[in-house]
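A short write-up of the structure that comes next.
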Amino acid sequence: MAEFDTVIRGGLVATASDIMLADVGIQGGVVTAVAKNLPAGRNEIDAQGKYVMPGGVDSHCHIEQPSSISGKMNADTFLTGTRSAACGGTTSVICFSPQRVGWKLADSTADYHERAKKAAIDYTFHLIVNDPNDDVMETLPSLIADGHRSIKIFMTYDSNRVTDDGVLKLMALARENEAFMVLHAEHHDMIKWQTERLLAAGLTDAKYHAWSKPGVVEREAVHRVISMSELLDFPCQIFHVTCAEAAEEIHRAQQRGVKIFGETCAQYLTLTADDMDRANGEGAKYVCSPSPRTPADIEALWGYLKTGVLGMVSSDHAPTNFAVASEHSSDLKLPDGPGTPFPKIPNGLPGLETRLPLLFNEGVTGGRIDISQFVALSSTNPAKLFGLYPKKGTIAPGSDADIAIWDPTKQVTIRQADLHHAIDYTPYEGWQVTGWPVTTLSRGKVVADGGDFVGEAGHGQFLARAPYDYIKPRGVFPSPFDPFAGQS
Ligand code: DUC
Ligand code: ZN
Ligand code: ZN
């Protein structure tokens, strides 16, 4: 009897630390051997000339979540979102379970578990808190203990921002319960003030979104998060860093020894504020927050990724249809037609499927990073930071057989018609990329092959996350006082 369910044969196995010519043996959904000349498996996959890499871990994607601007549900479901992720070489997603207004937090979370049962790949949640009320503060410890080991905070948006006193309260609770925090860091009142001035001046088009929230707005909030994190000795991660000045704050803090982490997203490495100035209302397709910046910021972000100041590239998938509302979402990018003022344009872009091909093309094909850096930024680092490693994020005996087989020479023109999300556009229409994931396996099962989704709804499993060392506080406070002494 064959020792392996599947053998992926003859590929270049690439992890964050090594590249080796080897076969990968899979049994029961788990990698059981990485070696040359493995015996035949019941299924054989020929990977000669291809890279065999850990499937992507996308630690920032909004699926079946209400828009912070319109309050309406965004357009992908857990099935369509995870199906498109799989076709783009991603095998785990960390989505969100938002606190719903008027709901108990436990009920909001149960609702998201129910929705996510349709997922085609494995998933877990950041718990979004908008209002740290008594119910939330009482319920969070048990939700964390159940494996929801990260809390997400928005510092802006009228609908769900948390003010600094709430951030401090939640940081303290997270620290005491061995949880992590991820933050959308922009200065709410600065954006509000600037937006009012822009609208009063008649500057309402999509492109003025970028003027309403220049880099200084992000830099200030990033600095504030770092300062609060330093006071509490609480490691946390800044989401979607877009510009040199915000990344500099993170770099400076890391040089002081502060345990602060940063991600950027594929759109901030590929798009600029000029994209929001496209004609015929098309600029709205590119509106996301923070705004895309300048070519100089793109190069600066690459520098910070190469040196490890920023540790991962996520999608921040948050899709709204452009022209045609769908079965799952009545929201549109231009709800009031072509003249819709920028503050009413739902923020966010579709990107689960294109995240890795864009990162591969711009990074590896473009000569900015090597294959192991690509694996680190797209899979290993998020798996480590969010407590999923080494089950996810590597190819090694004992790891889940979550694998993407990449053809580094495959040339693809990105077309909306070929993608698997439930959205009516891609911001990358017509982009030519070299390098594409040709086969994706989730726990040993082929879920995407040759450009087709071949997985099934409900294959995905919830990834409960136990306490892990990577996010442990340092035990260093900026005064002799330890505010947590005697609390455990
Ligand atoms: N900005 C957010 O804050 N959330 C979702 C998408 C976006 O662009
Ligand atoms: Zn955000
Ligand atoms: Zn987001």
Side-chain angles (χ1 to χ4, degrees), residues 58-76 81 85 93-99 125-130 150-162 167 181-188 191-192 195 206 209-210 212-213 215 217-218 221-222 225 236-243 246 261-273 275-276 283-293 310 312-322 329 331 333 342-352 354-355 382 386 421 423 425-427:
D58 193 338
S59 53
H60 182 174
C61 32
H62 304 265
I63 300 182
E64 283 194 47
Q65 200 187 312
S67 157
S68 301
I69 301 289
S70 67
K72 293 183 179 175
M73 202 56 115
N74 64 19
D76 266 316
V93 283
I94 311 185
C95 319
F96 298 90
S97 171
Q99 176 188 6
F125 300 111
H126 307 296
L127 299 178
I128 296 182
V129 174
N130 313 321
S150 41
I151 296 170
K152 158 80 186 285
I153 302 288
F154 285 98
M155 297 170 79
T156 185
Y157 293 124
D158 285 324
S159 57
N160 45 15
R161 81 179 175 123
V162 175
V167 175
M181 183 178 283
V182 291
L183 298 104
H184 177 127
E186 291 187 293
H187 191 304
H188 181 75
I191 298 170
K192 207 168 157 195
T195 299
H209 184 268
S212 74
K213 41 177 66 191
V217 160
E218 186 181 337
V222 168
V225 170
C236 56
Q237 153 120 317
I238 312 282
F239 264 174
H240 43 47
V241 175
T242 68
C243 58
F261 302 88
E263 70 155 26
T264 190
C265 307
Q267 52 272 38
Y268 301 116
L269 299 172
T270 49
L271 305 176
T272 68
D275 285 301
M276 291 188 287
K285 290 182 173 177
Y286 299 85
V287 170
C288 58
S289 273
S291 296
R293 309 282 184 203
L310 301 178
M312 63 199 69
V313 178
S314 307
S315 71
D316 197 5
H317 182 80
T320 302
N321 285 305
F322 180 64
S329 173
D331 212 3
K333 274 292 201 184
F342 71 85
K344 287 190 74 178
I345 300 173
N347 286 198
L349 314 177
L352 268 168
T354 45
R355 170 182 79 115
F386 293 104
H421 55 204
I423 323 301
Y425 82 99
T426 168

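All ligand and atom numbering here is 1-based and tracks the order in the structure.
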Nearest heavy-atom neighbours spanning R355 and S315: CD-N, 3.6 Å
Passing option when F239 is tested against H60, H184, H62 for ring-ring contact (aromatic ring centres under 6.0 Å, His included): H60
With N74 via side-chain hydrogen bond (donor to acceptor under 3.5 Å, both in side chains) - residues at least two apart: none
Polar protein atoms (N, O or S) that approach the Zn ion (ligand 2) to under 2.8 Å: H184 ND1, H240 NE2
Distance in Å, Q99 CD paired with N160 CG, rounded so as to fall on 0.5 Å steps: 9.5 Å
Donor-acceptor under 3.5 Å (S314 side chain, D58 main chain): no
H62 atom (N/O/S) at minimal separation from the Zn ion (ligand 3): NE2
Intermediate values then yes/no, side-chain hydrogen bond (donor to acceptor under 3.5 Å, both in side chains), Y268 and D316: CA-CA 10 Å; Y268 301 116; D316 197 5; 4.9 Å; no
Exercise: identify the closest heavy-atom pair between I153 and V129: CD1-O, 4.1 Å
Within the protein, residues bringing a heavy atom under 4.0 Å of ligand 1, chain by chain: H62, F154, Y157, H184, C288, S289, D316, A318, N347, G348
Partners passing salt bridge (Lys or Arg N to Asp or Glu O under 4.0 Å) against K285 (at least two apart in sequence or in another chain): E282
M155 side, atom CE; E218 side, atom CD - distance, nearest 0.5 Å: 11.5 Å
Side-chain donor/acceptor of E186 to backbone N/O of A221, under 3.5 Å: no
